[in-house]
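To find a chain, count down the sequence lines: A is the first, B the second, and so on, and within it residues start at 1.
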There are 2 protein chains.
Amino acid sequence: MKSGEAAVKQAEEKQSAEKPTGRARGIDRVIALMEHLHDRRAPTRIADIARDTGTPRSTMYELVNTLVEARWLELRDGDGTVYFGPAMHYYGSDYLDSVDLIRKARVEVAHIAETVGETAQFCTLDGDKYLVVLNEPGRRMFRISSEIGIKVPIPWTASGRLLVDHLDAEEIRRFIPSEDFTLPDGRRIAEDEFLEDMRRARTQGYVRTTALVDRFTTCLAAPVRDPSGRCIATICFVVPADTTEEAQQMMIDTLKASAERLSPGR
Amino acid sequence: MKSGEAAVKQAEEKQSAEKPTGRARGIDRVIALMEHLHDRRAPTRIADIARDTGTPRSTMYELVNTLVEARWLELRDGDGTVYFGPAMHYYGSDYLDSVDLIRKARVEVAHIAETVGETAQFCTLDGDKYLVVLNEPGRRMFRISSEIGIKVPIPWTASGRLLVDHLDAEEIRRFIPSEDFTLPDGRRIAEDEFLEDMRRARTQGYVRTTALVDRFTTCLAAPVRDPSGRCIATICFVVPADTTEEAQQMMIDTLKASAERLSPGR
DNA sequence: ACCGTTTGTCCGAAATATCGGACGTCGGTC
DNA sequence: GACCGACGTCCGATATTTCGGACAAACGGT
């Protein structure tokens, strides 16, 4: 079990911080269950979920049965693992259709991913983290697994430099947790380097970052702005770092045009 | 309140058929709540949800608060309505990525919708009903609201004629509820007409229907088959009925090619 | 063939979440 | 300005759901 430490830690947090007593409402257990599946991003055995969320085994079996019946979960593979079921897809689609900006962004992202042939994304902030809302894989199809709904530190991303556009140096320092400036490989991003990226982004109308989260990847991002000029989302490409400058310029133009179309009240 | 009659009927069903007693588990209330939102496909006031699902008002407020906190639901507009929240989208995306056939179908549907410019869908059966799993609007963008997750009688659709491919006349009669042969406008589809459509579909490798559910719409569908030859899904176009025969032939070829690529073990 | 581990089900007890109803606000209508 | 209906919150009682632990079956390694 590779998620061992994190799992135990999570269970302890559940028991200590959230519920002094052992007993909890079914709905709270279900929320913990779904969050756990989302974090693991893989079909998981019921007993493991129970252990890792601090839920009694008998309770978890009971709940899983109910949820499977409602199609919220699905039994997978024949081994006793469960994962999200079709109902989640239906409800998620309803959500996407109900949010005006996202509905429009879906069209843009699908269009530019198809015509350019590279992975395109639509991103926003969630609290002090960066979040991929839409992800359309390009023809290349490298890195299939989507990062939809996964929170990432702002400094790790090109889009992040646009999304905190409206903050000054001091506000940034307070808003972004200090540890978020440390990349997965241990390197640390200097704050004034980050601020310089932001400044350049504002004047140029786009951001390019290379080899940040992953050594061979370049990200190109353009801002979607509300009428007041604040960056409320970004649209971006994820491409191999060795993509020609010429091709990248073309993508940047594409992104700027899409971002402009998505910016409300223009 | 325009959903009045249906709503009351649903509440009564809940109380009589499902729960002889008034008291229910929170999780069951939540499932009813989400299903209700999905049926209505619109932000809904909490009191209305409570009434229409037969849930006590105080209980519904309590649950909605919990779910809003978990981002399963979102308060909308400022009037007191709620609808699905971002968490549903994340979980739904996880589901899509976890099912091999659907993940591949997403690529195909997006591709043909973009290149052909018409609305493309990926459909399966759910019980004895037809179900749209993926929907990619074409450039035309008529009928924006997706039908994802909405169950439709099999005889109302082109795809339906493929999806029951493997049944003989007698089995069909037992499998499809008789009332499902009546169209929304009251017309009734003759059973042998339906069987004839199926037969032709099997030999031609596609189905075309016109003016079935909606007078000005033509549906073109091709079967995705498992190694045993059984139709497990369809991929289809939804186009205006006055689309030229030439264009339709091109689309049929496109569909057949995509469906072939999606058919496992070939 | 043996034994330790894991899976899934079942049961009774008790902690508690659900429920009904009351209450204060707010907005619109006559 | 009084009335009416809808909204959202709060509270105490009790019907019920959660929980722990026991149990049988299935599994898998030696």
Side-chain angles (χ1 to χ4, degrees), chain A residues 1-4 7-8 11-12 14-16 18-34 36-37 42-70 72-83, chain B residues 1-4 7-8 11-12 14-16 18-34 36 43-70 72-83:
Chain A
M1 211 121 318
K2 63 183 168 188
S3 68
V8 170
E12 281 168 8
K14 278 266 139 46
Q15 283 170 344
S16 65
E18 270 177 20
K19 297 275 161 181
T21 170
R23 185 150 178 180
R25 295 192 304 174
I27 177 69
D28 291 328
R29 309 246 94 134
V30 170
I31 289 171
L33 152 61
M34 302 298 258
H36 185 66
L37 285 182
T44 306
R45 284 178 306 151
I46 299 174
D48 289 342
I49 303 173
R51 180 173 31 70
D52 296 347
T53 59
T55 306
R57 243 160 39 85
S58 58
T59 303
M60 187 54 76
Y61 274 103
E62 161 71 20
L63 292 174
V64 166
N65 282 338
T66 303
L67 297 177
V68 165
E69 201 165 349
W72 289 27
L73 297 180
E74 243 180 24
L75 295 166
R76 292 295 171 90
D77 300 328
D79 59 352
T81 64
V82 291
Y83 201 51
Chain B
M1 211 119 318
K2 63 184 169 189
S3 68
V8 170
E12 279 168 8
K14 278 266 141 44
Q15 281 170 347
S16 65
E18 271 177 20
K19 297 273 162 182
T21 170
R23 185 149 179 180
R25 295 192 304 175
I27 178 69
D28 291 328
R29 297 296 192 193
V30 169
I31 290 171
L33 152 61
M34 303 297 258
H36 186 65
T44 306
R45 283 178 306 149
I46 299 174
D48 289 342
I49 303 173
R51 179 174 30 71
D52 295 348
T53 58
T55 306
R57 243 158 37 86
S58 58
T59 304
M60 188 53 76
Y61 275 104
E62 161 72 20
L63 293 174
V64 166
N65 283 336
T66 304
L67 297 176
V68 165
E69 203 165 348
W72 288 28
L73 296 180
E74 243 179 25
L75 295 167
R76 291 294 170 91
D77 299 329
D79 59 353
T81 64
V82 292
Y83 202 51

Item to check | Criterion salt bridge (Lys or Arg N to Asp or Glu O under 4.0 Å) on Glu62(A) and Arg25(B), from CA distance to verdict | outcome: CA-CA 12 Å; Glu62(A) 161 71 20; Arg25(B) 295 192 304 175; 2.7 Å; yes

Item to check | Nearest-angstrom distance from the residue atom CD1 of Ile27(A) to P of dT16(C) | outcome: 18 Å

Checklist outcome for this item: As a check of understanding: the bend across the helix from dA1(C)-dT30(D) to dC30(C)-dG1(D), end axes from five pairs, rounded to 10 degrees, works out to 40°

Item to check | Donor-acceptor contact present, side-chain Thr59(B) to main-chain Thr55(B), <3.5 Å | outcome: no

Item to check | Below 4.0 Å: OP1/OP2 of dT17(D) and any side-chain N or O of Arg29(A) | outcome: no

Checklist outcome for this item: In 5'-to-3' order, the base (B), backbone-only (S) or no-contact (-) status of each nucleotide in nucleotides 6-14 of chain C, using a 4.0 angstrom heavy-atom cut-off, is SBBBB---B

Checklist outcome for this item: For Thr81(B), the side chain to side chain donor-acceptor pair (under 3.5 Å) test, sequence neighbours excluded, returns Asp79(B)

Item to check | Separation of His36(B) NE2 from Arg51(B) CZ (nearest 0.5 Å) | outcome: 8.0 Å

Checklist entry - In this structure, which one of Asp77(A), Thr44(A), Leu75(A) forms a side chain to side chain contact (heavy atoms under 4.5 Å, CB included) with Val82(A)? => result Leu75(A)

Checklist outcome for this item: So CG of Leu63(A) and CD1 of Ile49(A): to nearest 0.5 Å the spacing works out to 10.5 Å

Next on the checklist: Output the rounded distance in Å from CG (Leu63(A)) to P (dA17(C)).
Outcome noted: 14 Å

Item to check | Separation of dT17(D) P from Met60(A) CE (nearest whole Å) | outcome: 18 Å

Checklist outcome for this item: Value for OH (Tyr83(A)) from CG (Leu37(A)), rounded to nearest 0.5 Å, stands at 7.0 Å

Next on the checklist: Measure CZ/Arg25(B) against C1'/dC19(D) and give the value in whole Å, please.
Outcome noted: 14 Å

Item to check | Note, Arg29(A) side chain near Pro56(A) side chain (heavy atom, < 4.5 Å) | outcome: yes

Checklist entry - Rounded to the nearest Å, what distance is computed from the CG atom of residue Leu33(A) to the C1' atom of nucleotide dT18(D)? => result 16 Å

